[in-house]
Q: 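Let me begin by handing over the structure; questions about it come next.
All chains are named by letter (A, B, ...) in the order of the sequence lines, taking the proteins before the strands, and each is independently numbered beginning at 1.
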Amino acid sequence: MSSPSDAEVIGRSLGEPEAFGLIYDRHAATLLRFLGRRAGARVAEGLVGELFRIAFERRKAFDPSRGSALPWLYGIGSNLLMKHRRGEARRLRASARMAADEAADRRAGATALDARLLFPRVAGAIEALPDDERAALLLFAWEELSYQSVAEALDLPIGTVRSRLNRARARLRELLEPKGKRRERSQ
Amino acid sequence: MKPVDLARKLRREAACDPAALDRGKEMLMAAIRQEVEPRRRPTIIPQLPYENVGAAVSFLVRAFGFQEVPASRLEGADGVLHHALVEFGDGVIGIGTQGAHGAISPQSGGIESQYVSVAVADVVAHYQRALAAGARIAREPRGADAHAYEAFDPEGHRWRFVHRRLREVREPEERRSR
């Protein structure tokens, strides 16, 4: 017997609210990790219950043609995270230090020094992205969602997702390129 | 290296604490129960009459720990609260303007014609909260492990608070011993 799809479970939960608990059982661990990566474990714990409470209240609005509820849940989580930008920035900087250390361990001399400078800049550039671009970029790069899933999560047309990701890429590239080249481009 | 690959390198594995998951589930199930609950309203809802419904509701919430039932408020065009439901555990009571259905507040009538008994988890803690909120005590709790006390609300309705576990068993004993 195949298990019912998320869409079927959510449909059932309209008349039988307790059924929504199954959506939690299926996806809460993934979402808790997602929130933890972005805002830290302590904030994530508070947010995961809130995320599913909001999802439960809005379940009528879930588009049953989507099958999996995961992108939709990521979208609610992304919105919740906007209120926690400061914690997210702190976490990004800590990640940058760790990434730099890892890179430095593997390389030597000048390359290691480059990594020490590079990753804080990457973190700074991600942090400086507008909320909507950062949300799209991190769903794509960290959560490995497809363009289609990012579009579902953020409730945007796929073309808008593509242009947001392109803008985010361009901004990162600009911040990471050698100074001379950047000056040339801006003239 | 491409920007997205660089961003990827900042991805950290986050812990998934099972206790945190349980607490999140508890929060969700509480929200679900709230939605289911209205359909399971008790068959009987006692109604208490007051001169000032708004003041009564806020006192019952503040002093006795009742919760106002969401969306139960009935206000007049002038914004005055005419009726609301308050709940405690699985019990619900209506708080309404006196005279609307014949009944009057003890404050106007000068007499109490009934009292309400409420089962609580911790009688002494409940008593201290009521006292701090300015409730007039009708019958003090006896001792540190008291199993009941009684208090008046601002309009003179009498409320009896009884220990949850002892309610059925101990009340008859208590009467016999008096």
Q: On a heavy-atom basis, which atom in B/Tyr149 and which in B/Ala130 lie closest, and how many Å separate them?
A: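 Scanning both residues, the minimum pair turns out to be OH-CB, 3.4 Å.
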Q: If every non-hydrogen atom of B/Val61 is compared with every non-hydrogen atom of B/Glu68, which pair is closest and at what distance?
A: CG2-N, 4.2 Å
Q: Hey, is NE2 on B/His82 packed in by over 12 heavy atoms from elsewhere, all under 6.0 Å?
A: yes
Q: Using only heavy-atom distances, determine whether the side chains of A/Ser149 and A/Ser146 contain a donor-acceptor pair under 3.5 Å.
A: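 Yes.
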Q: Looking at A/Arg116 and A/Asp101, does any basic side-chain N land under 4.0 Å from a carboxylate oxygen?
A: yes
Q: Just checking heavy atoms, which of residues 46-57 of chain A are less than 4.5 Å from chain B?
A: A/Val48, A/Gly49, A/Glu50, A/Phe52, A/Arg53, A/Phe56
Q: Does one side chain, of B/Glu150 or B/Tyr115, offer a donor that lies under 3.5 Å from an acceptor on the other?
A: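 Not at all, the side chains of B/Glu150 and B/Tyr115 share no donor-acceptor pair under 3.5 Å.
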Q: Same hydrophobic cluster for B/Val116 and B/Leu85, using side-chain heavy-atom links shorter than 4.5 Å among ILVMFWY?
A: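 No, B/Val116 and B/Leu85 fall in different hydrophobic clusters.
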Q: Establish, from distance only, whether the side-chain atoms of B/Tyr50 and B/Gln107 form a donor-acceptor pair under 3.5 Å.
A: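 The criterion, which ignores hydrogens and geometry beyond distance, is not satisfied for B/Gln107 and B/Tyr50.
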Q: Looking at B/Lys9 and A/Glu102, is there a salt bridge between them, counting it only when a charged N and a carboxylate O are closer than 4.0 Å?
A: no
Q: Can you pull out the residues in residues 19-29 of chain B with any heavy atom less than 4.5 Å from chain A?
A: B/Ala20, B/Leu21, B/Arg23, B/Gly24, B/Lys25, B/Met27, B/Leu28, B/Met29
Q: For A/Asp131, run the salt bridge (Lys or Arg N to Asp or Glu O under 4.0 Å) check against A/Arg164, A/Lys83, A/Arg85 and tell me which one passes.
A: A/Arg85
Q: Need one label for A/Arg97: side chain, backbone, both or neither, based on atoms under 4.5 Å from any heavy atom in chain B.
A: neither
Q: If two hydrophobic side chains count as joined below 4.5 Å and joins carry through other members, does B/Leu81 share a cluster with B/Ile104?
A: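 Looking at the clustering, B/Ile104 is in a separate group from B/Leu81.
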Q: So, do B/His157 and B/Pro49 sit near enough that their side-chain heavy atoms are less than 4.5 Å apart?
A: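 Yes, at least one pair of side-chain atoms sits under 4.5 Å.
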Q: Under 4.5 Å, heavy atom to heavy atom, which residues of residues 19-39 of chain A contact chain B?
A: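 Listed by number: A/Phe20, A/Gly21, A/Tyr24, A/Asp25, A/Ala28, A/Ala29, A/Leu32, A/Arg33, A/Gly36, A/Arg37.
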Q: Are B/Phe88 and B/Trp159, when compared by the centres of their aromatic rings, separated by less than 6.0 Å?
A: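 No, too far apart.
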Q: Using 30° and 60° as the class boundaries, would you call the ring planes of B/Phe161 and B/His126 parallel, tilted or perpendicular?
A: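 The rings of B/Phe161 and B/His126 sit tilted, inter-plane angle from 30° to 60°.
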Q: Which pair of non-hydrogen atoms, one from B/Ile45 and one from B/Gly94, has the smallest distance, and what is that distance?
A: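 Of all heavy-atom pairs spanning B/Ile45 and B/Gly94, the closest is CG2-N, 3.8 Å.
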Q: Measure distances from B/Ala15 to the heavy atoms of chain A and classify the residue's part below 4.5 Å as side chain, backbone, both or neither.
A: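 The backbone, not the side chain.
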Q: For chain B, which residues of residues 64-73 of chain A have at least one non-hydrogen atom nearer than 4.5 Å to it?
A: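 Residues qualifying by a heavy atom under 4.5 Å from chain B are absent, so none.
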Q: Are B/Phe59 and B/Val118 connected in a single hydrophobic cluster, I mean Ile/Leu/Val/Met/Phe/Trp/Tyr linked by side-chain heavy atoms less than 4.5 Å apart?
A: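 Same hydrophobic cluster.
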Q: With clusters defined by side-chain heavy atoms of hydrophobic residues (ILVMFWY) lying less than 4.5 Å apart, directly or transitively, does A/Met98 cluster with A/Leu92?
A: no
Q: May I ask you to name which of A/Val122, A/Ile126, A/Leu137 has the most heavy-atom pairs under 4.5 Å with chain B?
A: A/Val122
Q: Look up atom SG in B/Cys16 and atom CD in A/Glu45, then write down how far apart they are to the nearest 0.5 Å.
A: 11.0 Å
